[in-house]
There are 4 protein chains.
Amino acid sequence: MDKREQLIEIATKLFSERGYENTPLSVVCEKANVSKGLISHHFKSKDGLLREIFRKTTQLIAEINSVDNENKTPNKQLAELLESFFSQLESDKLFFQFNMNVMIQPNTRKVLDDLIQERSSFILKKTKEIFDKIDMENSLVLSHMFIAELDGIALNYLGIYEDFPLQQVKKQIIKKYVLQ
Amino acid sequence: MDKREQLIEIATKLFSERGYENTPLSVVCEKANVSKGLISHHFKSKDGLLREIFRKTTQLIAEINSVDNENKTPNKQLAELLESFFSQLESDKLFFQFNMNVMIQPNTRKVLDDLIQERSSFILKKTKEIFDKIDMENSLVLSHMFIAELDGIALNYLGIYEDFPLQQVKKQIIKKYVLQ
Amino acid sequence: MDKREQLIEIATKLFSERGYENTPLSVVCEKANVSKGLISHHFKSKDGLLREIFRKTTQLIAEINSVDNENKTPNKQLAELLESFFSQLESDKLFFQFNMNVMIQPNTRKVLDDLIQERSSFILKKTKEIFDKIDMENSLVLSHMFIAELDGIALNYLGIYEDFPLQQVKKQIIKKYVLQ
Amino acid sequence: MDKREQLIEIATKLFSERGYENTPLSVVCEKANVSKGLISHHFKSKDGLLREIFRKTTQLIAEINSVDNENKTPNKQLAELLESFFSQLESDKLFFQFNMNVMIQPNTRKVLDDLIQERSSFILKKTKEIFDKIDMENSLVLSHMFIAELDGIALNYLGIYEDFPLQQVKKQIIKKYVLQ
DNA sequence: GATGAATGAGCGTTCATTCAT
DNA sequence: TATGAATGAACGCTCATTCAT
């Protein structure tokens with residue numbers, strides 16, 4: 001397997017599990033069976049590796065959203081989006097947490113600034129496309145509120161309340177946005 | 001002035017501005033005009049100082065919530081709560097960010113675990129007391145959703161979208177929860 | 001109880017258990033229920049405390065040896081001395097180890113130099129008084145060998161061989177020196 | 001020259017001269033013309049460096065003892081052993097002292113525990129092989145006493161009596177064990 | 001005699017990065 | 001591509017000691 005890909009894969013896993021700042025490159029290299037110099041070689045620096053991982057994730061998000069939504073009703077689209085969000089939230093807890101982390105932590109935030117702008121703009125745009133069909137006038141604010149609500153749920157579920165009632169919240173959210 | 005208090009004050013400010021992990025104790029001590037050893041003396045360690053700050057903040061939150069709410073309608077209570085939330089979100093951006101940070105970052109999260117439990121339980125309980133009056137049956141889920149929504153707004157406003165339409169979102173939230 | 005005495009007692013115990021260099025004064029003060037400043041007050045410094053402890057021990061050794069030996073045969077004296085040595089070696093392991101420690105460790109050795117000279121001269125003199133009666137000509141060398149042999153046994157028993165056959169060695173030593 | 005070897009060499013010298021605990025790594029690195037990080041790189045920690053030094057010394061002892069003793073009489077073997085012991089005791093005073101030190105000091109003792117076991121077992125085994133030929137029945141106790149006696153002589157010569165009559169003691173010991 | 005807040009030098013360790021091979 | 005020895009700045013922490021009360 002390509003050592004570069006191997007490095008990204010292992011690093012993503014480790015950064016998710018232990019946090020970016022708490023994962024020395026020495027550990028990444030050890031687990032990936034790769035020498036220290038190779039990271040400099042491929043990614044220039046630790047921050048470069050982080051940027052590559054973040055970029056790849058954004059690409060993945062974009063690909064998922066590239067499915068043809070033209071012929072679907074906005075309700076159908078929201079339903080699918082929520083379904084995918086909640087299932088990922090449960091299956092990829094650590095990866096979710098990692099992404100939230102690097103966007104908040106001042107250090108990484110600075111490093112990723114342009115990429116965060118890019119990703120969040122994309123998400124906002126895609127969300128707004130749906131809400132445009134529902135309420136053209138307020139679609140921007142509605143989109144922001146929609147995104148914020150999901151982020152807040154992720155935040156509370158992942159980081160704060162151990163007994164967060166995810167299933168019931170999911171039901172309520174679907175009722176609110178899909179079955180309204 | 002009491003050097004212990006001075007230390008807490010300066011540290012809170014610096015941790016908020018630069019993040020906990022990015023603020024060496026040497027800087028804190030320098031700005032507080034205090035020797036390095038004094039932190040060990042009063043707080044045992046850097047983590048000890050963090051815990052003290054977090055604890056104090058929880059106390060502050062508790063004090064604010066200790067006002068008598070018995071005779072107010074739930075709508076009135078929610079209105080006041082939202083007003084206070086949004087005004088603080090604007091005035092204490094950095095402090096908000098700091099609190100969100102330490103709860104997500106794996107390192108600090110571990111250090112503060114019990115204190116986070118304590119604070120979030122308190123917030124949930126107080127919120128639920130309001131929603132109990134509105135919808136006894138679903139009050140727990142509603143409270144969780146309410147808290148998550150506000151957290152999500154803070155997260156997006158503080159960390160993600162530079163042009164987050166805070167005022168319009170505030171208007172919508174008040175409409176939803178107070179003027180329904 | 002006199003706080004000064006209390007301090008000496010606790011410090012002796014702790015230094016024996018953990019070693020002088022590994023025992024911070026903060027721990028001594030805590031266990032002795034005494035403030036930090038008091039050590040400076042009574043003993044000037046940590047080294048001063050150590051010297052006081054060492055001095056007291058030497059005094060104790062002197063007192064034990066002050067019994068009247070005039071009318072005893074050298075064999076009787078050696079028998080008593082060996083009996084007392086081996087029984088103390090078993091009962092006061094840690095205290096033995098502590099004394100050996102501070103005499104070897106370069107740091108403490110320097111601090112205690114004069115006191116060590118004093119004590120070891122005394123021991124040599126007392127031992128030589130016995131051997132003078134046995135072999136006047138070689139008494140100095142014999143005394144040195146006798147002391148060295150006992151020290152070596154202590155060293156190996158206390159610090160090196162977990163299964164040092166102390167009882168059998170004791171038997172051999174008594175056979176050699178007393179029943180010859 | 002290999003920096004790793006250079007580091008071990010300088011560290012051994014400095015630890016012997018000043019004691020392990022009194023020798024900061026900063027000094028070792030400075031004298032060895034090497035950066036601080038290199039110790040982490042090669043030995044993981046200061047304790048790791050100590051272990052490496054101790055291990056190397058044990059190896060050296062083993063090599064010295066690997067000469068063929070099959071055809072020698074036990075008396076001849078003891079003679080050689082004593083000769084080598086006393087000459088080393090005089091020439092490598094500091095190194096002897098260092099080894100004794102780290103075995104007694106509680107801190108280093110803990111760090112080296114397994115290595116001390118290993119070395120002392122080896123020494124005991126080799127000594128016992130000699131005494132087996134002299135007095136099969138008591139060889140274990142005799143070996144322990146022999147080792148203890150030499151250790152005690154080293155201890156008193158190196159650390160306690162400035163005017164220890166080493167030459168005369170040596171003569172007596174040889175008389176006792178070789179010319180008996 | 002007794003306290004404990006305050007000091008500050010010094011230590012071992014971590015870790016991203018560089019560079020010769 | 002790939003290695004890993006080597007660097008060096010930075011950090012949190014320890015702890016004997018001082019001094020005002």
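All values below were derived from every heavy atom in this structure, side-chain atoms included, with hydrogens, water molecules and symmetry-related copies excluded. Note on naming: letters A, B, ... go to the chains in the order of the sequence lines (proteins, then strands), and numbering restarts at 1 for each one.
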Assign each of D:Gly37 and B:Asn22 the nucleotide of DNA chain F bearing its closest heavy atom; nearer the 5' end lies the nucleotide of D:Gly37
base_contact_polar (E:dG12 base, D:Lys36 side chain, donor-acceptor, <3.5 Å) = yes
What's the [atom1]-[atom2] distance between [X] and [N], to the nearest Å?
X	N	atom1	atom2	value
A:Asn107	F:dC11	CG	C1'	15 Å
D:Glu30	F:dG8	CD	C1'	14 Å
A:Phe43	E:dT17	CZ	P	13 Å
D:Asp2	E:dA20	CG	P	18 Å
B:Arg4	E:dG4	CZ	P	15 Å
B:Leu25	E:dT7	CG	P	15 Å
D:Leu7	F:dA5	CG	P	13 Å
B:Ile39	E:dA5	CD1	P	15 Å

Looking at [Y] and [X], is there a salt bridge between them, counting it only when a charged N and a carboxylate O are closer than 4.0 Å?
X	Y	answer
D:Arg119	D:Asp114	no
C:Glu52	C:Lys44	no
D:Lys13	D:Glu17	yes

Answer for the Watson-Crick or wobble partner of E:dC11, both distances under 3.5 Å, is F:dG12
Re F:dT21: Watson-Crick or G-U wobble partner, both distances kept under 3.5 Å, found to be E:dA2
The side-chain contact (heavy atoms from CB on, under 4.5 Å) partner of A:Val102 among A:Leu112, A:Ile53, A:Asn107, A:Val111 is A:Leu112
Just say parallel, tilted or perpendicular for the rings of A:Phe15 and A:Phe98, cut-offs at 30° and 60°. tilted
Result for 5'-nearest mapping on DNA chain E, choosing between B:Ser35 and D:Pro24, is B:Ser35
On DNA chain E, more 5' by nearest nucleotide between C:Asn33 and D:Lys46 is C:Asn33
Using only side-chain N and O atoms of [X], determine if any of them is under 4.0 Å from OP1 or OP2 of [N].
X	N	answer
C:His42	E:dA2	yes
B:Lys3	E:dA6	no
C:His41	E:dG1	yes

C:Leu38 near the nucleic acid: base, sugar-phosphate alone, or nothing, with a heavy-atom cut-off under 4.0 Å?
-> base
